[in-house]
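No hydrogens, no waters, no symmetry mates; every other heavy atom, side chains included, goes into these values. First the proteins, then the strands, lettered A, B, ... as listed; each starts at 1.
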Protein chains: 2
Amino acid sequence: MGEATIRDVARKAQVSVASVSRALNGLDHVSEQTRAKVAAAARDLGYVPHAGARSLSLARTNAIGVLLPDVHGEFFSEIVRGMDVEANRRGYLLLLANMHAGSAQAKAALQAMRGRVDALVVMAPHLDRAAISRALPQASRAVLINAPANVRSHSNIRIDNHAGVRAVIKHLKAIGRSRMVYVGGPSHNLDAQERAAAFASASSADERILASGDFSVESGNAAVRGLIEAGERFDAVFAANDMMAIGAIQALRAAGLRMPEDVAVAGFDDVPLAEHLELTTVRVRIAELGARALSRLITMLENGAAEPVSELHSPELVIRRSTVPNA
Amino acid sequence: MGEATIRDVARKAQVSVASVSRALNGLDHVSEQTRAKVAAAARDLGYVPHAGARSLSLARTNAIGVLLPDVHGEFFSEIVRGMDVEANRRGYLLLLANMHAGSAQAKAALQAMRGRVDALVVMAPHLDRAAISRALPQASRAVLINAPANVRSHSNIRIDNHAGVRAVIKHLKAIGRSRMVYVGGPSHNLDAQERAAAFASASSADERILASGDFSVESGNAAVRGLIEAGERFDAVFAANDMMAIGAIQALRAAGLRMPEDVAVAGFDDVPLAEHLELTTVRVRIAELGARALSRLITMLENGAAEPVSELHSPELVIRRSTVPNA
DNA sequence: GCGGGCCATGTAACCGGTTACGCTGCCGGC
DNA sequence: GCCGGCAGCGTAACCGGTTACATGGCCCGC
């Protein structure tokens, strides 16, 4: 025995389905008496409108689809949290799908969303421009997050990695550091690529030492330990993310080097732990990025189409004791 | 101009909608010729089936609703990730909703899910038994996570906090510790309550010192610093979560105490950082908890109803150097 | 040669809502 | 007293799929 439908309510209240619909949705042209009868019948039957059917006839779902790659941990969680908050605030639900594998799965996920969502937020660092414009619906129904900068077909909200890196380098130079180690992230990661490129273009060959890791604490530790053991001299370490910076700090401490006096350390992301470790870093408000993407999308939906816009989120430099003693 | 519908495809392929449906769903009783015509027409029109309409007529959505409280960070993300992986594996989508405020919002979220999902995963530590059985659909369509143990109306998947705490205490005693500090979590948190109760029942008054924090690093640091300054003697610290354990370690280090020789430290949760800090802790596989909940739900859906089951997830003690020097 | 059965296909009802449109009855203005 | 307008309500079409049932053609066995 299934749940009650609007026709059951209509029968019980002795009115037509149209009146039930009007009454429950608070529309005009319904007498107070009818309204009351309907409300009573609905309550008695425990009637809950069938959102699926409603969407079908309204051609509107009040849901936003979110397509994410297989990101682990912090980033994934924060971005979803930000979207969730904003969705909740504006009365939308989030339909989540991950695409672990290649574009075949992405396509399947996209298809599964058809008719269940009003629009999409897609985070697809590994899809190229052609794939994106082929698979996605019109521009007004989708927003990309951290897609390659050259995508122009859809709105694209990105982190300004260049600005963040430049800010760190400027800060390190301002405090008199002249020989910086840069610990890069995994080369397949778009943010890692952008940060590395920014570092390369904002520093000169004689003031930098390049190392690389995979965004893990251990890889940061290993990279810096290796340089110390190799006898390299440097007065600053800039890791492409906070986790590697934490590893770097461990390595410095193990080698008996003082921070920041001997070596200043900076990271990128401002994970919650960075504050407790007093790590200078670049604050990327990931949740805000997600909230922003969703907000933009909903606004586009409600105000009708608009030109696709590429929006850069400028991160903020947070100076702490890992670079400035009395910060 | 909207997207193509099944009737458009039928018209273009010069067959009936029934044949299109059968062909695209790979059913029998369709000639190869028709199948090909339909496939061609669908491709030409860029036809994507309308999942919403499909669900309506099938009375099946292939989606699972997830209702979460306003949890921040790690826990939220891990549990969603675990569910997502499992959902993906079994061909389901996840519909996410948060209930920030009270039960009014929870009710609204539940209603919004009607007709869009086949079943629900509800994490509702603050809802009591009555509220749960009133608001939720039949038992076979919902699984709870970390609901109070006395809820019997629905399946309930919980972390076995008691077992985890007992394992830690047993371990600490086995390595000869006889005076333990317990740093409890915030009293409104269900896990904190259970862990505190377990600690109280598994230790005796003369071997424990109670302190409390709020699950943050800083609160763990403050609690232990306070005890040291007050001149308390102890040879072990057991924090109700890893974050506070990290704070405790900072405080011990600042006081010049050796770990584990002078004071052994243990936490709870096994956050990623615990491994790098070599912290003995209780591993709670949160993602696995989410995956398990989803898996159970889908199995119930597909095999028809079953008795509601309360499942306890036994966490695992992970011994590291914060308690055993050569671990 | 004829009837039964099966296969391919089409028609139309149905899922559970919304809503255009038509009808009735009442009111007020002339 | 008549008519236009509007409030209240109901009927039925529609959203875009699936599918029960009907139909017609063909093959086969007798």
Next on the checklist: Expressed as a whole number of angstroms, how long is the span from A/Arg11:CZ to D/dG10:P?
Outcome noted: 14 Å
Next on the checklist: Side chain of B/Thr5 only, heavy atoms from C-beta on: which candidate in C/dT9, C/dG17, D/dG17 is closest?
Outcome noted: D/dG17
Next on the checklist: I want to check something: taking the side chain as every heavy atom from C-beta on, are B/Arg90 and B/Thr299 in contact at a cut-off of under 4.5 Å?
Outcome noted: yes
Checklist entry - Nearest-Å distance, CD1 (B/Ile6) to P (D/dG17)? => result 6 Å
Item to check | Nearest-nucleotide comparison on DNA chain D, the residue closer to the 5′ end among A/Arg7 and A/Gln14 | outcome: A/Gln14
Item to check | Side chain of A/Asn25 (C-beta onward), nearest among C/dG16, C/dT18, D/dT11 | outcome: C/dT18
Checklist entry - Roughly, in whole Å, what's the span from CZ in B/Arg60 to C1' in C/dG16? => result 19 Å
Checklist entry - Whole-Å distance between D/dA7 C1' and A/Gln33 CD? => result 14 Å
Item to check | A/Thr34 side-chain N/O to D/dC9 phosphate OP1/OP2 under 4.0 Å | outcome: yes
Item to check | Residue-phosphate contact under 4.0 Å: B/Ser31 side-chain N/O, C/dC7 OP1/OP2 | outcome: no
Next on the checklist: For B/Arg54 and B/Asn25, which I'm curious about, is there any donor-acceptor pair between the side chains at under 3.5 Å?
Outcome noted: yes
Checklist entry - Picking from C/dA12, C/dT19, D/dC9, which would you name as closest to the side chain of B/Val17? => result C/dA12
Checklist entry - If you take all heavy atoms of A/Leu93 and B/Leu95, which pair is closest and at what distance? => result CD1-CD2, 4.0 Å
Checklist entry - Does A/Ser19 make a side-chain N or O approach to OP1 or OP2 of D/dG10 shorter than 4.0 Å? => result yes
Checklist entry - Choosing from D/dT18, D/dG10, C/dG17, which nucleotide comes nearest the side chain of A/Ala18? => result D/dG10
Next on the checklist: Please classify the nucleic acid contact of A/Leu56 as base, sugar-phosphate, or nothing, using heavy-atom distances under 4.0 Å.
Outcome noted: base
Next on the checklist: Could you tell me if A/Asn88 and B/Asn98 have a donor-acceptor pair between their side chains, going purely by distance under 3.5 Å?
Outcome noted: no
Next on the checklist: Output the rounded distance in Å from CG (B/Leu27) to P (C/dC7).
Outcome noted: 15 Å
Next on the checklist: Here's a test of your reading of the structure: between B/Ser57 and B/Glu32, which maps to the more 5' nucleotide of DNA chain C?
Outcome noted: B/Glu32
Checklist entry - Once you round it to whole Å, what is the distance between P of D/dC6 and NE2 of A/His29? => result 10 Å
Next on the checklist: Without decimals, in angstroms, what is the distance between A/Asp28 CG and D/dC9 C1'?
Outcome noted: 14 Å
Item to check | Angle by which the axis turns from one end of the helix from C/dG1-D/dC30 to C/dC30-D/dG1 to the other, five pairs per end, to 10 degrees | outcome: 50°
Item to check | Sidechain N-carboxylate O distance under 4.0 Å for B/Asp84, B/Arg81 | outcome: no
Next on the checklist: Starting the side chain at C-beta, find the nucleotide from C/dT9, C/dG17, D/dT18 nearest to B/Ser21.
Outcome noted: D/dT18
Next on the checklist: Using every non-hydrogen atom in the two residues, find where B/Arg158 and B/Ser310 come nearest and quote the distance to one decimal.
Outcome noted: NE-OG, 4.3 Å
Next on the checklist: Side chain of B/Tyr47 only, heavy atoms from C-beta on: which candidate in C/dT11, D/dG17, C/dG17 is closest?
Outcome noted: D/dG17
Item to check | Backbone of B/Val309 reached by a side-chain donor or acceptor of B/Ser155 within 3.5 Å | outcome: yes
Checklist entry - What's the NE2-P distance between A/His50 and D/dC15, to the nearest Å? => result 19 Å
Checklist entry - Could a donor-acceptor pair under 3.5 angstrom be found where the side chain of B/Arg22 meets the base of C/dG10? => result yes
Checklist entry - Can you tell me if the side-chain N/O atoms of A/Arg54 get under 4.0 Å from OP1 or OP2 in C/dT18? => result yes
Checklist entry - Hey, does A/Tyr92 have a side-chain heavy atom less than 4.5 Å from the side chain of A/Leu294? => result no
